[in-house]
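Start at 1 and go down the list; that is how both ligands and their atoms are numbered. Residue indices begin at 1 and follow the sequence shown.
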Amino acid sequence: MPVSAPHTSGPPSHHGIMPPAPLADAPLRRALDASDNAIVMSNSTRHVVYVNEGFTRLFGFSPAEVLGKYLSDVLLGPHSDPGLLSEIRDGIDQQGGFHIETLLYSKAGQPRWVSMMINASNEASGGPGGSITVLTDITLTKMHEVLQKRVLEGMVNELPLADLMALVCREVERIAPEVTASILSVDELGLLHPLAAPGLPPAICQALDGVPIGPCVGSCGTAAFRRAPVVVTDITTDPLWADYRTLFEPSGMRACWSSPICDHAGKVIGTFAFYFREPRAPDALHHRLVDVCLHLCALAIERNATRQRIHQLAFFDELTGLPNRAMFRSSAERALASLRQEDHPGAVLFIDLDRFKQVNDTLGHAAGDALLCEVAKRLTQCLRARDLIGRLAGDEFVLLLSECSTGQVVQMAQSILQEMARPMDLHGQAHVCHASIGIAMFPDDGDAIDTLLRHADQAMVQAKSDHRHSLQLFSAEMNRRAQERAALERALRQALADRSLSLHYQPQVLSSAPGTLHGVEALARWQHPEWGMVPPSRFIPVAEEAGLIHELTLWLLDEACAQLSAWRAAGHSVPCVAVNLSGRSFHQAEFAQQVCDALERHGLRTNDVLLEITESVMMDARPVTLANIEALHHKGFKLSLDDFGTGYSSLSYLHRLPISELKLDMAFVQDLTTSPTARALTVSVLSIAHSLGMVVVAEGVETTGQQQWLQAHGCPVMQGYLFGRPMPPDELEVWLCAPARGVS
Ligand SMILES: Nc1nc2c(ncn2[C@@H]2O[C@H](COP(=O)(O)O[C@H]3[C@@H](O)[C@H](n4cnc5c(=O)[nH]c(N)nc54)O[C@@H]3COP(=O)(O)O)[C@@H](O)[C@H]2O)c(=O)[nH]1
């Protein structure tokens, strides 16, 4: 047996140990001595007969200290494999050779991982039974192999950070068994949190959790504080350990060397500590181990932080910290599954803040953010432990209430509305927040979370359109309407893509000479192949909500300009065409230019097109809207204010904005002959317009009585069925050519 024989007989004296004959050859000896490997020859009784200088370099023993001894007596140490000798013996006996990677010890007691290759050799002892053993130092390789490979594999396999760090500790303890390793993380507040310390009692880890780093906090807290390694060779006497000595005493740890773990930017994110059971300092192997481990730990902790951040961004709303849609959905799916299993009811509440946009527009986005955070806080406070909350988008919040009847849900929704309405302080401004809540019951209104969310949303829309600041339970009728609305949107998209919308034109005539055309108003028409004529009062709001209105407006402008050019080319005298513009188009920075481009494409001038805007555009204080209005005015366009009198516009805007025409809403016109109030208001509008130099167009004139009254009170322009309905271009041409077109 080359390393050691069973100790049946004592080792022979040096006397009689003869090096093998070939080693009398000096060049061969020099060659062997130059090798980095340790080479050992043993005779048939397994006593060492030769070691090269590589052996001395690796283990520190001189030849005289080894010759004549069993190698095992020299190299085995406290943590060497106890089964090593029998493994070697069996290997030699059965195969004539043996290879193993194992832990041996130097003369100074330092552990050495070696690759050991033992071959039977007659030459070694000049006869049968001898052996040659080649030992290669693989301590570093071992560290890299074991640690890097396993830790990186652990990362690839998505091992939790604590498991990964425990693996590092265990591997370190395997390579250097005299070490007990621990890894702590340091959080943003400078508090320590044990990540792994498999060899330390759990009570120690619990006690260390949350301890702040500082100038005198054992080895780890001090190392993190100093941003430098701290070696404490005896924790029973070192002042750094004054506060922790008693805690560690029962564990038997006597020395501790801790090194800070730093991230790529040099910030301390953890500590890596070696504990020893006797007072001592780390040796060279320990230093090498720590070098390797610090990088691995930094990589793993940073990667974990990045993953947590990604998870946070992916599943939580950054502003309020609430779960986002994805997170809410997956938690809700699980919650519904358990409600289903236990046959309990539940409810989804869709909460939308009323007039949140106004807060952003008037108080600024910081106040809007503060409002959302306060709402998130109040909603969370209203919930029970088993309920879920999420922020879906903007000012939309959603709740899943478990195990509650419709009555309980309604009660809870009412208290949420009350809670919302408690005044809140937004950066020094008192604000009262109202919300609308839609409720869908599980399982009656839907079994799956997506259905429940959709139905609760529909109910919320209903609540908002009814009163605002109210709650609404979902009903099947709502669902039908929502389905219709969705179908309408899909069809409208298609119609815009197919260019299957058309324009009708309604004449506007001078009241002094009803046969004389003031202009025509272009009105969109949609003839659906199955549904027939869809009125604009149905599809324009859908276009607005679905974000299609700007596309529709650009199409309308182009179409109206093309038609006006075509009429003029055909010799018809049409003074101008009025087009209805959506307020949303004014939010497009390039809108004014797009209007100019449309005119230019068809060779028209700015006074050929009258731009009809609503009061909401006039009141819109967004810089982009004001810039578009200003740019259009600057180019020479005339603006007409549609539906005047129905909104809540301030008269001062009439003066400030470049409005040249007011369209008196048909509600006034139609009541003229019956209502003194309508008459009084109409007189006022005519008077204001007159004093501001604006033209008034009375809409919806249907009777000669209305016409005469308007004529008598100086309304300059009229539009209505009395003169002509909105009609396709060819009919308008006929109307234009009709001899008595003043009254249709
Ligand atoms: N942004 C856009 N809005 C548009 C466009 N096309 C139309 N609309 C808006 O839709 C609303 C309804 O329009 P419509 O059904 O076309 O009704 C217009 C006229 O047909 C109707 N009218 C005209 N004279 C009479 C009448 O004597 N009696 C009566 N009962 N109705 C009449 O009034 C509507 C005129 O609209 P307006 O002058 O714009 O107020 C309507 O709000 C349209 O603006 C579009 O392309 N873009």
Residue pair Phe539, Trp531: steps toward the ring pair (Phe, Tyr, Trp, His ring centres under 6.0 Å) verdict: CA-CA 12 Å; Phe539 71 80; Trp531 306 330; over 10 Å; no

Protein N/O near ligand 1 N/O, under 3.5 Å, which pairs?
| residue | atom | partner | partner atom | Å |
| --- | --- | --- | --- | --- |
| ligand 1 | 6 (N) | Ala524 | N | 3.0 |
| ligand 1 | 16 (O) | Arg525 | NH1 | 2.9 |
| ligand 1 | 16 (O) | Arg525 | NH2 | 3.0 |
| ligand 1 | 24 (N) | Gln506 | NE2 | 2.9 |
| ligand 1 | 27 (O) | Tyr721 | N | 2.9 |
| ligand 1 | 28 (N) | Glu702 | OE2 | 2.5 |
| ligand 1 | 30 (N) | Glu702 | OE2 | 3.2 |
| ligand 1 | 31 (N) | Tyr721 | OH | 3.3 |
| ligand 1 | 38 (O) | Glu521 | OE1 | 2.9 |
| ligand 1 | 38 (O) | Glu521 | OE2 | 3.1 |
| ligand 1 | 38 (O) | Lys663 | NZ | 3.1 |
| ligand 1 | 38 (O) | Glu699 | OE1 | 2.4 |
| ligand 1 | 39 (O) | Glu521 | OE2 | 2.8 |
| ligand 1 | 39 (O) | Asn580 | OD1 | 2.9 |
| ligand 1 | 39 (O) | Asp642 | OD2 | 2.9 |
| ligand 1 | 40 (O) | Asp642 | OD1 | 3.3 |
| ligand 1 | 40 (O) | Asp642 | OD2 | 3.4 |
| ligand 1 | 40 (O) | Asp643 | OD1 | 3.1 |
| ligand 1 | 40 (O) | Glu699 | OE1 | 2.9 |
| ligand 1 | 44 (O) | Asn580 | OD1 | 3.3 |

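- Remark: side-chain polar atoms of His602 are not paired, donor with acceptor, to backbone N or O of Leu604 under 3.5 angstrom.
- Taking the six-membered ring where the residue is Trp, Phe474 and His455 present parallel rings, their angle staying beneath 30° rather than reaching 60°.
- Using modelled atom types, one side-chain atom of Ser684 and one backbone atom of Ala680 make a donor-acceptor pair closer than 3.5 Å.
- Under the 4.0 Å criterion applied to side-chain N and carboxylate O atoms, Lys638 and Glu661 are not assigned as salt-bridge partners.
- Put simply, the residue from Val398, Leu400, Ile439 that forms a side-chain contact (heavy atoms from CB on, under 4.5 Å) with Leu349 is Ile439.
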